[in-house]
Asker: 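Pasting a structure here, questions to come.
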Amino acid sequence: MAYEGILLGMGNPLLDISAVVDASFLEKFDVKLNNAILAEEKHLPMYDELATEYDVEYIAGGATQNSIRVAQWMLQIPGATSYMGCIGKDKFGEEMKKNSIAAGVNVQYDEDEVAPTGTCAVCVLGGERSLIANLSAANCYKVEHLKRPENWALVEKAKYIYIAGFFLTVSPAAIQLVAEHAAANHKVFCMNLSAPFICEFFREVQEKAMPYVDYLFGNETEAQTFAKVHGWETDDVPEIALKISQLPTSSGTGKRIAVITQGADPVVVAEDGKVRLFPVILLPKEKLVDTNGAGDAFVGGFLSQLVLEKPIEECVRAGCYAANVIIQRSGCTYPEKPDFQ
């Protein structure tokens, strides 16, 4: 089958522990709304408190895994997607496996003997979300796992590869290996800015990967942080997207497309020295459940049409559709079948 394994994702698999919380909970653990951070010592008691004090849902998450699951759902082609990352040998790991296999994704997890499966506290307040990731096992991904013949075969089979920026904190070596393979074999390599802290504190590895990136995703805050870190004295998102699209490519001849979402404002697409704006599907406030996974879902929808070689307008339309579905539900979940036409 031509589409088998066409899209490969690599990233940090995290089990989302999602709950609607109150402002005092966020204050107690010094958490800002609409942020994505790595857990520090002060955040560690939060996970137990969430699970005991609030009504929680467990959802297979992690940015890349979310996008791959959504792409698989949109495609409705069995085995079209595969995914690698590291989990622990525990009940959360089993839960994750069950979840992902049910979603139709070919998951090949590296299983760590010691570290527990990574978790992400998803704190929802007034429809907005904050993410606090405790990577644990996700942080233990080894490049040796990628090099195993059965796993490298997935890299060779894929024509499109997507890796969220969060994975830069774990295995830049694995990213580089896959990025170079994609460039040498004329494959499409996609990444995501993922969070302001990645642009700020992982600049060096991000810059090393950037020349290989054919499609770069992000939201307006991440794009503005990227611009600030690179000394581009502008907050203008279309201008930043254009500058990102024009950064040097590994081949010197390739082109890069920057795709920046802005919440309810239009999606910015920069390519070939031009910027286009695409309106999103507006949702009445009362229909918004939570924004967790909206950006991941947008990427998943976009990729589902990209692998079918649809024009960029269709890719953006599919991304907007998927994000719109996800924000009307709790966590990065979706109905059994899409009704995207």
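These numbers come from a predicted model, not from an experiment.
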Asker: Under 6.0 Å between ring centres: does that hold for Y162 and Y215?
Answerer: no
Asker: Within a strict 4.5 Å, meaning less than it, do heavy atoms of the L38 and F166 side chains meet?
Answerer: no
Asker: Please determine which of Y109, F167, Y141 meets the side-chain contact (heavy atoms from CB on, under 4.5 Å) test together with M84.
Answerer: Y141
Asker: Shortest non-hydrogen contact from A323 to A294?
Answerer: CB-O, 3.6 Å
Asker: Quick one: are V20 and F25 in side-chain contact, heavy atoms under 4.5 Å?
Answerer: no
Asker: Is there a donor-acceptor contact under 3.5 Å linking the side chains of T234 and D236?
Answerer: no
Asker: Is any side-chain heavy atom of K243 closer than 4.5 Å to a side-chain heavy atom of H230?
Answerer: no
Asker: Could you check whether any side-chain N or O of E95 sits under 3.5 Å from a backbone N or O of K91, counting only pairs where one atom can act as donor and the other as acceptor?
Answerer: no
Asker: May I have the step-by-step check of side-chain contact (heavy atoms from CB on, under 4.5 Å) for F197 and T225, ending in yes or no?
Answerer: CA-CA 9 Å; F197 83 86; T225 306; over 6 Å; no
Asker: Let me check something: do V155 and I175 share a hydrophobic cluster, defined by ILVMFWY side-chain heavy atoms less than 4.5 Å apart, either directly or through other members?
Answerer: yes
Asker: According to a 4.5 Å side-chain heavy-atom criterion applied to Ile, Leu, Val, Met, Phe, Trp and Tyr, with indirect links allowed, do L14 and I198 form part of one hydrophobic cluster?
Answerer: yes
Asker: Could you state whether Y321 and V70 fall into the same hydrophobic cluster, counting links through intermediate Ile, Leu, Val, Met, Phe, Trp or Tyr residues with side-chain heavy atoms under 4.5 angstrom apart?
Answerer: yes
Asker: For atom NZ of K42, is the number of surrounding heavy atoms from other residues, nucleotides or ligands below 6.0 Å larger than 12?
Answerer: yes
Asker: In terms of side-chain heavy atoms, does N151 have a donor or acceptor partner in H145 at a distance below 3.5 Å?
Answerer: yes
Asker: Kindly give the heavy-atom pair with the smallest separation between V170 and A138, and that separation in Å.
Answerer: CG1-O, 3.4 Å
Asker: Would you please name every residue forming a side chain to side chain donor-acceptor pair (under 3.5 Å) with E53, sequence neighbours left out?
Answerer: none
Asker: Does the side chain of V275 come within less than 4.5 Å of V268's, by heavy atoms?
Answerer: yes
Asker: Would you mind reporting whether M74 and P338 have side-chain heavy atoms less than 4.5 Å apart?
Answerer: yes
Asker: For the atom pair CD1 (I240) and CD (E220), what is the distance rounded to the nearest 0.5 Å?
Answerer: 10.0 Å
Asker: Ignoring hydrogens and angles, tell me if any N or O in the side chain of K187 forms a donor-acceptor pair with the backbone of V178 under 3.5 Å.
Answerer: no
Asker: If you measure from CG on D296 to OG on S194, what distance do you get to the nearest 0.5 Å?
Answerer: 8.0 Å
Asker: Do other residues, nucleotides or ligands put more than 12 heavy atoms under 6.0 Å from E309 CD?
Answerer: no
Asker: Taking CD in E336 as the centre, count heavy atoms belonging to other residues, nucleotides or ligands within less than 6.0 Å. Is the count above 12?
Answerer: no
Asker: Take Y212 and Q176 through the test side-chain contact (heavy atoms from CB on, under 4.5 Å) and record every step on the way to the result.
Answerer: CA-CA 9 Å; Y212 298 94; Q176 211 58 27; 3.2 Å; yes
Asker: So does K147 pair up with E144, basic N to acidic O under 4.0 Å?
Answerer: no
Asker: Just how far is it from atom CZ of F298 to atom CZ of F217, taken to the nearest 0.5 Å?
Answerer: 6.5 Å
Asker: Once side chain to side chain donor-acceptor pair (under 3.5 Å) is applied, do any residues pair with R148, and if so which ones, sequence neighbours excluded?
Answerer: none
Asker: Looking at residues at least two apart in the chain, or sitting in another chain, which of them share a side-chain contact (heavy atoms from CB on, under 4.5 Å) with P248?
Answerer: none
Asker: Please find the pair of heavy atoms, one from R69 and one from I59, that lie closest to each other, and give the distance.
Answerer: NH2-CG2, 4.2 Å
Asker: For residues V122 and Y58: do they belong to one hydrophobic cluster (side chain heavy atoms under 4.5 Å, members Ile, Leu, Val, Met, Phe, Trp, Tyr)?
Answerer: no
Asker: Any sub-3.5 Å donor-acceptor pair from E207's side-chain atoms to E204's backbone N or O?
Answerer: no
Asker: Can you check side-chain contact (heavy atoms from CB on, under 4.5 Å) on F92 and I87, steps first, answer last?
Answerer: CA-CA 9 Å; F92 281 172; I87 60 174; over 6 Å; no
Asker: Could you check whether any side-chain N or O of R317 sits under 3.5 Å from a backbone N or O of F340, counting only pairs where one atom can act as donor and the other as acceptor?
Answerer: no
Asker: Measure across S82 and I68 and return the closest heavy-atom pair with its distance rounded to 0.1 Å.
Answerer: O-CG2, 4.0 Å
Asker: Testing the basics here: between L33 and E128, what is the closest heavy-atom pair and its distance to 0.1 Å?
Answerer: CD2-O, 3.8 Å
Asker: Between I260 and V267, is there a side-chain heavy-atom distance shorter than 4.5 Å?
Answerer: no
Asker: Give, for atom CD of E111 and atom SG of C140, the distance between the pair rounded to the nearest 0.5 Å.
Answerer: 13.0 Å
Asker: Look up atom CH2 in W232 and atom CD in E239, then write down how far apart they are to the nearest 0.5 Å.
Answerer: 9.5 Å
Asker: The test is side-chain contact (heavy atoms from CB on, under 4.5 Å); show your working for I312 and R276 and say whether it passes.
Answerer: CA-CA 10 Å; I312 206 130; R276 290 188 285 169; 2.8 Å; yes
Asker: Using atom types as modelled and distance alone, determine if a side-chain donor or acceptor of Q328 lies under 3.5 Å from a backbone N or O of N324.
Answerer: yes
Asker: Applying the side-chain contact (heavy atoms from CB on, under 4.5 Å) test to Y160, which of L303, T81, I6, L8 qualifies?
Answerer: I6
Asker: Can any side-chain N or O of R256 pair as donor or acceptor with the backbone N or O of L216 at less than 3.5 Å?
Answerer: no
Asker: How far apart are the closest heavy atoms of A264 and L282, and which atoms are they?
Answerer: O-CD2, 3.6 Å
Asker: Given 3.5 Å as the limit, does a donor-acceptor pair link the side chain of E200 with the main chain of F226, or not?
Answerer: no
Asker: Rounded to the nearest 0.5 Å, how far apart are CD of Q206 and SG of C199?
Answerer: 4.5 Å
Asker: Measure the shortest side-chain to side-chain distance between P335 and W73 over non-hydrogen atoms and say whether it is less than 4.5 angstrom.
Answerer: yes
Asker: Is the closest basic N to carboxylate O distance between R329 and E57 below 4.0 Å?
Answerer: no
Asker: Short question: side chain of S130, backbone of K32 - any donor-acceptor pair under 3.5 Å?
Answerer: yes
Asker: Side-chain contact, heavy-atom cut-off 4.5 Å: M46 with K28?
Answerer: no
Asker: Would you say K228 has more than 12 foreign heavy atoms packed within less than 6.0 Å of its NZ?
Answerer: no
Asker: Just by distance, do the side chain of S136 and the backbone of T117 share a donor-acceptor pair under 3.5 Å?
Answerer: no
Asker: Given the rule that I, L, V, M, F, W and Y join up when any side-chain heavy atoms are under 4.5 Å apart, are V56 and L15 in one cluster?
Answerer: yes
Asker: Just by distance, do the side chain of Q224 and the backbone of D235 share a donor-acceptor pair under 3.5 Å?
Answerer: yes
